[in-house]
Amino acid sequence: MTEQLDLLGQAIVDDATTLFARLAELPEDQRIDTINALRTALARHSPMRDEPVDCVLWVKADRLQANDYNPNVVAPPEMRLLKHSIDADGYTQPIVAWPVEDWGPTDGTYEVVDGFHRHRVGKETPALRKRLHGRLPVTVIRPERTERTDRMAATVRHNRARGEHTVDGMSDMVLELARRGKSDEWIGQELGMQPDEVLRLRQVQGLAELFADREFSEAFEADTEPQWPTT
């Protein structure tokens, strides 16, 4: 929820809204460039200006190049899931980059520090390129972090800090989705899993749930017929 503005703050927003309406007069490509310039100017006045995510720019995809030191490799199933995620949810994370002054015929070129695969999907998928008007969302890394060694360290930190999903956590999620009526096919497609993986994760919690209301003695007598739960 937006905080209540005082009179001066509201007056600034009203003036800006009137000014922004003029953006509709510009051709689409020029409009995006103008909005980038406005965001850059606005960021200079932001108390959060030292945080790169405070200013996300829509950069022409052809102005981004991959780095040559990223050790992260994404397998085809995960790449398909990433593409599906961007198709379904849109870009929720920008690409982290730094400006390269000596690459390309014009200014405004960048090398990817993090988000190489997001960069690839947006660049190589025709439908996405069209939807994004040939642009990609970019945050620029802090200017004091542009030495190659700094960029290499930042790339690894971004990769390793994401962590991994635990089996228990994923099985809980799969079971809840199943309880909410989602089919194994839907779960597999939306979470990027193979059918046997969905089945295994359902079994992890499903078996525990199956036996949850059973009482077991510490031992059983040899002449007692075991009683198996029915499904």
Side-chain angles (χ1 to χ4, degrees), residues 1-64 82-101 106-119 121-123 125 127-146 150-151 153-155 157-163 165 169 173 176 180 190:
M1 180 182 296
T2 304
E3 295 291 339
Q4 186 68 35
L5 297 175
D6 60 18
L7 290 177
L8 177 58
Q10 188 60 56
I12 292 172
V13 170
D14 291 342
D15 288 346
T17 301
T18 301
L19 182 63
F20 293 161
R22 296 187 58 192
L23 289 168
E25 303 169 13
L26 299 175
E28 191 171 81
D29 209 44
Q30 188 178 349
R31 193 186 318 165
I32 297 172
D33 288 337
T34 303
I35 291 171
N36 282 341
L38 286 170
R39 285 177 173 156
T40 301
L42 183 62
R44 295 192 191 105
H45 298 276
S46 171
M48 310 302 290
R49 59 183 172 273
D50 291 333
E51 306 300 327
V53 77
D54 194 46
C55 184
V56 178
L57 305 176
W58 286 97
V59 174
K60 291 182 178 179
D62 295 337
R63 307 312 302 162
L64 271 79
L82 177 61
K83 180 180 179 300
H84 178 63
S85 174
I86 294 172
D87 279 339
D89 304 321
Y91 267 92
T92 58
Q93 298 181 62
I95 295 157
V96 182
W98 76 289
V100 184
E101 296 178 356
T106 62
D107 293 335
T109 57
Y110 299 86
E111 180 182 271
V112 175
V113 173
D114 178 69
F116 169 69
H117 299 98
R118 296 193 297 279
H119 149 259
V121 168
K123 213 174 198 180
T125 307
L128 277 176
R129 276 190 77 101
K130 181 178 180 181
R131 190 179 90 192
L132 300 172
H133 309 285
R135 307 270 180 150
L136 288 170
V138 169
T139 55
V140 179
I141 200 166
R142 289 173 173 174
E144 69 271 19
R145 305 295 299 174
T146 54
D150 292 327
R151 301 195 313 274
T155 293
R157 281 196 300 272
H158 278 81
N159 289 338
R160 298 195 68 182
R162 290 189 180 95
H165 296 125
M173 181 181 292
E176 180 173 347
R180 291 176 178 270
E190 295 300 316

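Atoms considered below: every heavy atom in the structure, side chains included; atoms not considered: hydrogens, waters and symmetry mates. Numbering starts at 1 and runs along the sequence shown.
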remark   = D114 and I95 have their tightest heavy-atom pair at O-CG2, 3.4 Å
note = Nearest heavy-atom approach of Y110 to V100 is C-CG2, 3.9 Å
key: Spacing of K130 atom NZ and T125 atom OG1 [to the nearest 0.5 Å]   = 14.5 Å
message = Could you check whether atom CG of L19 has more than 12 heavy atoms from other residues, nucleotides or ligands sitting under 6.0 Å from it?
response = yes
ask   = So which heavy atom on W58 is nearest to which on P137, and how close?
value = CZ3-CD, 3.3 Å
Pairing residues for E25 by the side chain to side chain donor-acceptor pair (under 3.5 Å) criterion, not counting sequence neighbours = none
query = Which residues satisfy the salt bridge (Lys or Arg N to Asp or Glu O under 4.0 Å) test with D29, sequence neighbours excluded?
reply = K60, R135
request  = Apply side chain to side chain donor-acceptor pair (under 3.5 Å) to S46 and list each qualifying residue two or more places apart in sequence or on a separate chain.
outcome  = D54
ask   = What distance do Y91 atom OH and Q93 atom CD have between them, rounded to the nearest 0.5 Å?
value = 11.0 Å
note = Here the gap from R118 atom CZ to L136 atom CG, rounded to the nearest 0.5 Å, amounts to 10.5 Å
query = Taking atom OG1 of T40 and atom CG of L57, what is their separation to the nearest 0.5 Å?
reply = 4.5 Å
ask   = Quick one: CD1 on I86 to CG on L128, what's the gap to the nearest 0.5 Å?
value = 6.5 Å
task = Search all heavy atoms of V112 against all heavy atoms of H119 and return the closest pair with its distance.
result = CG2-CG, 4.0 Å
key: Exercise: identify the closest heavy-atom pair between K123 and L64   = NZ-O, 2.5 Å
Beyond-backbone contact of V13 with T17, side-chain heavy atoms, under 4.5 angstrom = yes
query = Is the shortest heavy-atom distance from the side chain of P99 to the side chain of V140 under 4.5 Å?
reply = yes
message = Taking salt bridge (Lys or Arg N to Asp or Glu O under 4.0 Å) as the definition, give me every residue that meets it alongside R39, ordered by chain and number, with sequence neighbours left out.
response = none
message = To the nearest 0.5 Å, what is the distance between SG on C55 and CG on N36?
response = 7.5 Å
task = Quick one: list whatever passes side chain to side chain donor-acceptor pair (under 3.5 Å) with Q10, sequence neighbours left out.
result = D14
task = Please name the pair of heavy atoms, one in A97 and one in V138, separated by the smallest distance, quoted to 0.1 Å.
result = CB-CG1, 3.9 Å
inquiry  = Side chains of T139 and V56, heavy atoms from C-beta outward: is any pair under 4.5 Å?
reply    = yes
message = Just to verify, what does R180 make a side chain to side chain donor-acceptor pair (under 3.5 Å) with, not counting sequence neighbours?
response = E176
